[in-house]
Number of protein chains: 2
Amino acid sequence: MGSTLHDVARIAGVSIKTVSNVVNNYPHVRPSTREKVLSAIEELDYRPNLSARGLRSGRTGVIGLAIPELRQNYFAELADSIIRAADAHGVGVVIDQTSATREGELAVLSGERLRLTDGVLFSPERLGQDDVNLLNVGFPLVLLGERIFGGPTDHVTMRNVESARAATEHLIGIGRRRIAVIGAHPVNQDDIRSANLRVRGYREALDAAGLPYDTTLVRTAAPWHRENGAVAMRRLLEDGVDFDALFTLNDTLGLGALRALGEAGVRVPDDVAVIGFDNIDESRFSVPSMSSVDPGRDEIARVAVDTLLSRIHEKGEPAPPRQILADYRIVGRESTGFSEPIEAEPPRPSPPWRNPLAVERVTRGPGARRAAPRNRASARRADALRSAHVTTLADGRHKRG
Amino acid sequence: MGSTLHDVARIAGVSIKTVSNVVNNYPHVRPSTREKVLSAIEELDYRPNLSARGLRSGRTGVIGLAIPELRQNYFAELADSIIRAADAHGVGVVIDQTSATREGELAVLSGERLRLTDGVLFSPERLGQDDVNLLNVGFPLVLLGERIFGGPTDHVTMRNVESARAATEHLIGIGRRRIAVIGAHPVNQDDIRSANLRVRGYREALDAAGLPYDTTLVRTAAPWHRENGAVAMRRLLEDGVDFDALFTLNDTLGLGALRALGEAGVRVPDDVAVIGFDNIDESRFSVPSMSSVDPGRDEIARVAVDTLLSRIHEKGEPAPPRQILADYRIVGRESTGFSEPIEAEPPRPSPPWRNPLAVERVTRGPGARRAAPRNRASARRADALRSAHVTTLADGRHKRG
DNA sequence: TTGAAAGCGCTAACAT
DNA sequence: ATGTTAGCGCTTTCAA
């Protein structure tokens with residue numbers, strides 16, 4: 001099997017502590033010693049045993065991501081972003097699929113499925129506001145999504161009301177007046193879910209424009225899958241309701257609705273303009289391409305990972321839970337009369353080089369806090385997080401339709 | 001923090017060895033003793049420390065899945081299936097995104113990114129046949145996909161030639177004679193990649209039907225992204241080539257092509273029938289819904305995980321590398337004149353109950369091989385794998401257009 | 001069938 | 001700036 005610290009120490013002629021210091025980027029090592037150790041590491045192709053490190057340090061260098069299902073595009077893209085963000089810290093990601101069952105989500109919180117992880121990013125789909133107390137768990141947990149608010153954990157989410165309002169204003173801005181909605185929540189209670197928040201934003205936009213709120217235009221659909229978008233649109237058409245625009249509360253519903261509109265021979269955007277929510281990749285390639293609200297997924301991923309890691313490394317009294325809101329932007333495409341050229345996505349920069357052997361260390365010694373190596377942008381972000389209970393991400397991207 | 005084996009042993013009034021035996025389902029424990037231990041475990045809410053277990057046993061209970069990008073639907077769905085398959089064994093999955101770079105894929109093989117995993121499922125997208133020797137790595141590795149054949153590792157893949165032939169026959173079967181292809185590989189060498197294999201199947205079908213092979217109908221496109229499918233289709237239309245059907249070498253290309261056909265006012269399937277390859281979820285919901293080749297992804301996932309786990313647990317002389325081929329089926333939808341009702345997917349059965357504390361153990365003691373607890377189907381499958389160098393999955397699903 | 005004890009490879013506390 | 005040592009929680013001999 002692989003070689004150990006002892007082997008390296010023997011070859012390099014130093015103690016294992018010195019080797020450990022080099023491996024962990026401890027600064028006070030004489031350059032010549034470091035050289036000797038590094039070449040011994042190279043010679044032996046040494047790799048630290050992460051189980052041993054985890055056993056000793058109490059940390060594994062892996063975080064969990066609990067989501068309903070990877071086959072929902074939104075979550076696949078979220079997972080992609082989160083894996084990239086974690087990778088930039090040298091942290092791995094284990095994905096736990098809850099299959100969108102209450103049972104699966106409870107299992108996440110019970111810690112039963114927590115395998116070798118230092119903390120968990122959790123995006124529930126079944127648990128709701130009533131379950132807020134279940135979030136009191138014995139491990140670092142960062143909540144994602146809009147199912148539960150005001151809980152005991154950090155929470156990274158998006159500006160549902162404002163961005164839904166902006167989406168509606170985007171439709172009003174191109175002259176539409178009878179704007180249908182698909183994806184409202186069936187029940188009137190439970191005012192916290194993203195459906196209700198987004199409908200609220202829709203109403204605000206109507207009110208501000210002096211347009212009436214017509215309940216025949218607001219259609220329920222759950223869950224937010226393509227087929228339900230298609231079914232709701234067929235009903236809307238069958239009912240003979242007059243409308244010239246559609247706001248679907250997520251992109252998947254919108255793609256289903258586009259399909260039903262196509263089947264019915266309704267022209268988009270000529271007869272009906274359509275905008276969705278989430279800005280999944282697929283929306284760029286539908287026929288017609290679909291406008292959407294970009295909720296800032298990459299930013300959400302970065303902040304969620306940063307937040308979780310800072311909790312994992314937190315010493316002393318835990319800071320109060322924070323809610324962090326991502327900024328958003330409206331992406332106009334063909335379905336609302338805009339056009340975006342179909343082209344390859346810009347290449348993603350690869351993460352900066354990092355010591356593949358090193359484990360992230362944030363503080364050193366009592367009192368003397370020392371920031372972990374990180375770039376300026378993330379340092380600024382973390383500082384912002386520390387300064388307020390509710391924080392907004394990178395500004396300047398906020399743009400009203 | 002959590003309680004340990006010692007705590008449980010103290011409460012139960014037994015030694016830690018006994019507790020360990022219970023936790024690991026070791027059979028020779030007196031029922032009364034087992035009861036005592038179980039209730040102590042319950043009382044303390046004991047959970048084994050997986051780092052310690054990993055350190056001692058040399059296994060972590062986690063496997064790696066190296067894929068290009070989760071935001072490609074195909075890989076998100078593959079990852080979904082693999083996570084479910086691993087979960088049924090109580091094994092976690094860490095996802096390593098190579099970002100479809102050669103660099104990232106080499107890093108997988110170097111083991112540098114291997115974090116706390118017992119083995120790796122690797123689906124390369126950049127490495128090719130020339131890199132076959134790089135697959136000689138020091139850890140259990142199972143190869144997926146069609147980039148490299150005949151390597152030193154187990155390889156789970158699909159019947160590219162046969163299924164592409166069946167797809168083409170599906171088009172011929174509905175009366176089409178001028179069948180275009182999108183997605184061929186630009187270079188003529190390198191006869192191994194899935195593009196060439198699938199084109200070969202296409203040619204075989206033409207030959208068998210007595211149809212000519214017309215190179216003006218065979219279009220290159222790489223990589224297999226939506227935009228390239230759209231671009232290739234636009235070219236095909238601009239060139240004024242006569243064709244009445246299209247076979248795209250994956251679904252994503254097909255969806256792009258559908259978009260371009262829609263833009264050009266070409267009716268599908270009336271003017272041009274279309275079939276893709278991969279059967280991603282999205283193809284069920286395009287306008288029109290797209291026929292496809294289902295390469296048996298769930299089966300591939302199950303077998304890949306089974307194979308990797310059996311390698312991980314393998315004792316003694318390693319068995320020779322195996323190639324395992326999944327079976328396929330043709331799914332006819334609107335784009336070839338068939339219709340499939342849009343409805344929710346059948347619910348997936350949840351995995352059977354398993355001891356959440358137990359670690360998978362396959363053999364016990366030298367010589368005396370004892371099968372791990374598993375169901376009959378997977379036992380049968382594993383037996384089949386052992387019996388032949390090339391094996392076919394569950395039969396009876398094979399179906400020609 | 002159960003117990004006792006060694007030690008996996010590493011980090012952290014302490015010593016020098 | 002570097003060395004020594006204890007022990008993280010578990011599995012695995014070996015013994016009883």
Side-chain angles (χ1 to χ4, degrees), chain A residues 1-10 12-37 40-41 44 46-61 115-116 118 313 315 357-366, chain B residues 1-10 12-37 40-41 44 46-61 115-116 118 313 315 357-366:
Chain A
M1 282 293 295
S3 40
T4 73
L5 273 191
H6 285 98
D7 300 330
V8 177
R10 195 161 26 78
V14 299
S15 82
I16 70 164
K17 179 55 174 40
T18 303
V19 180
S20 176
N21 284 342
V22 170
V23 163
N24 289 297
N25 283 336
Y26 182 73
H28 307 297
V29 177
R30 201 185 306 146
S32 62
T33 314
R34 181 184 300 275
E35 273 318 310
K36 271 192 302 186
V37 171
I41 284 176
L44 293 173
Y46 165 78
R47 305 250 156 69
N49 178 321
L50 298 185
S51 286
R53 178 182 276 174
L55 174 59
R56 183 62 236 220
S57 69
R59 258 177 246 133
T60 61
R115 298 184 67 84
L116 284 172
D118 298 332
H313 294 120
K315 301 259 206 286
L357 305 181
V359 66
E360 178 142 328
R361 52 182 347 133
V362 168
T363 58
R364 166 161 298 282
Chain B
M1 280 295 292
S3 38
T4 74
L5 273 190
H6 285 99
D7 302 329
V8 176
R10 196 162 23 79
V14 298
S15 82
I16 71 164
K17 177 55 172 38
T18 305
V19 180
S20 176
N21 283 342
V22 171
V23 163
N24 288 298
N25 284 336
Y26 183 74
H28 306 296
V29 177
R30 203 185 303 145
S32 61
T33 314
R34 181 184 300 275
E35 272 319 308
K36 272 192 302 187
V37 171
I41 284 176
L44 293 174
Y46 166 78
R47 304 250 157 66
N49 177 320
L50 298 185
S51 286
R53 179 181 274 173
L55 174 58
R56 185 60 235 221
S57 68
R59 264 179 238 129
T60 62
R115 297 186 66 83
L116 283 170
D118 298 332
H313 295 120
K315 300 260 205 286
L357 306 182
V359 65
E360 178 141 329
R361 57 188 334 141
V362 167
T363 58
R364 166 161 295 284

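Chain letters run A, B, ... following the sequence lines, proteins first and then strands; every chain starts at 1.
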Could you state the [atom1]-[atom2] distance from [X] to [N], rounded to the nearest angstrom?
X: A:Arg34; N: D:dT2; atom1: CZ; atom2: C1'; result: 13 Å
X: B:Arg53; N: C:dC10; atom1: CZ; atom2: C1'; result: 20 Å
X: A:Ile16; N: D:dT5; atom1: CD1; atom2: P; result: 11 Å
X: A:Lys17; N: C:dT16; atom1: NZ; atom2: P; result: 16 Å
X: A:Asp7; N: C:dC10; atom1: CG; atom2: C1'; result: 13 Å
X: A:Tyr26; N: D:dG3; atom1: OH; atom2: P; result: 13 Å
X: B:Lys36; N: C:dT1; atom1: NZ; atom2: P; result: 15 Å
X: B:His28; N: D:dT12; atom1: NE2; atom2: C1'; result: 16 Å

Quick check for you: among [options], whose closest atom lies nearest to any side-chain atom of [X]?
X: A:Asn21; options: C:dA4, D:dT2, C:dT11; value: D:dT2
X: A:Thr33; options: C:dG9, D:dT2, C:dA4; value: D:dT2
X: A:His6; options: C:dA4, C:dT11, C:dC10; value: C:dC10
X: A:Thr18; options: D:dT11, D:dT2, D:dG9; value: D:dT2
X: A:Leu55; options: C:dT1, D:dC8, C:dT11; value: D:dC8
X: B:Arg30; options: D:dT2, C:dT1, D:dG9; value: C:dT1

Check: B:Arg56 side chain, C:dG7 base, donor-acceptor under 3.5 Å:
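Between C:dG7 and B:Arg56, which were checked side chain against base, a qualifying N/O pair under 3.5 Å is present.
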Between [X] and [N], does any side-chain N or O lie under 4.0 Å from OP1 or OP2?
X: A:Tyr46; N: C:dC10; answer: yes
X: B:Asn24; N: D:dT11; answer: yes
X: A:Ser15; N: D:dT4; answer: no

For the side chain of [X] and the backbone of [Y], is there at least one donor-acceptor N/O pair under 3.5 Å apart?
X: A:Asp118; Y: A:Gly61; answer: yes
X: B:Ser57; Y: B:Arg53; answer: yes
X: A:Asn49; Y: A:Ser51; answer: yes
X: B:Asp7; Y: B:Thr4; answer: yes

Nearest-nucleotide check on DNA chain C, B:Gly13 vs B:Ala52; residue mapping nearer the 5' end is B:Gly13
Specify the closest pair of heavy atoms between A:Leu116 and B:Thr60, including all atoms of both residues, with the distance to one decimal.
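Closest pair (atom of A:Leu116, atom of B:Thr60, distance): CD1-O, 3.5 Å.
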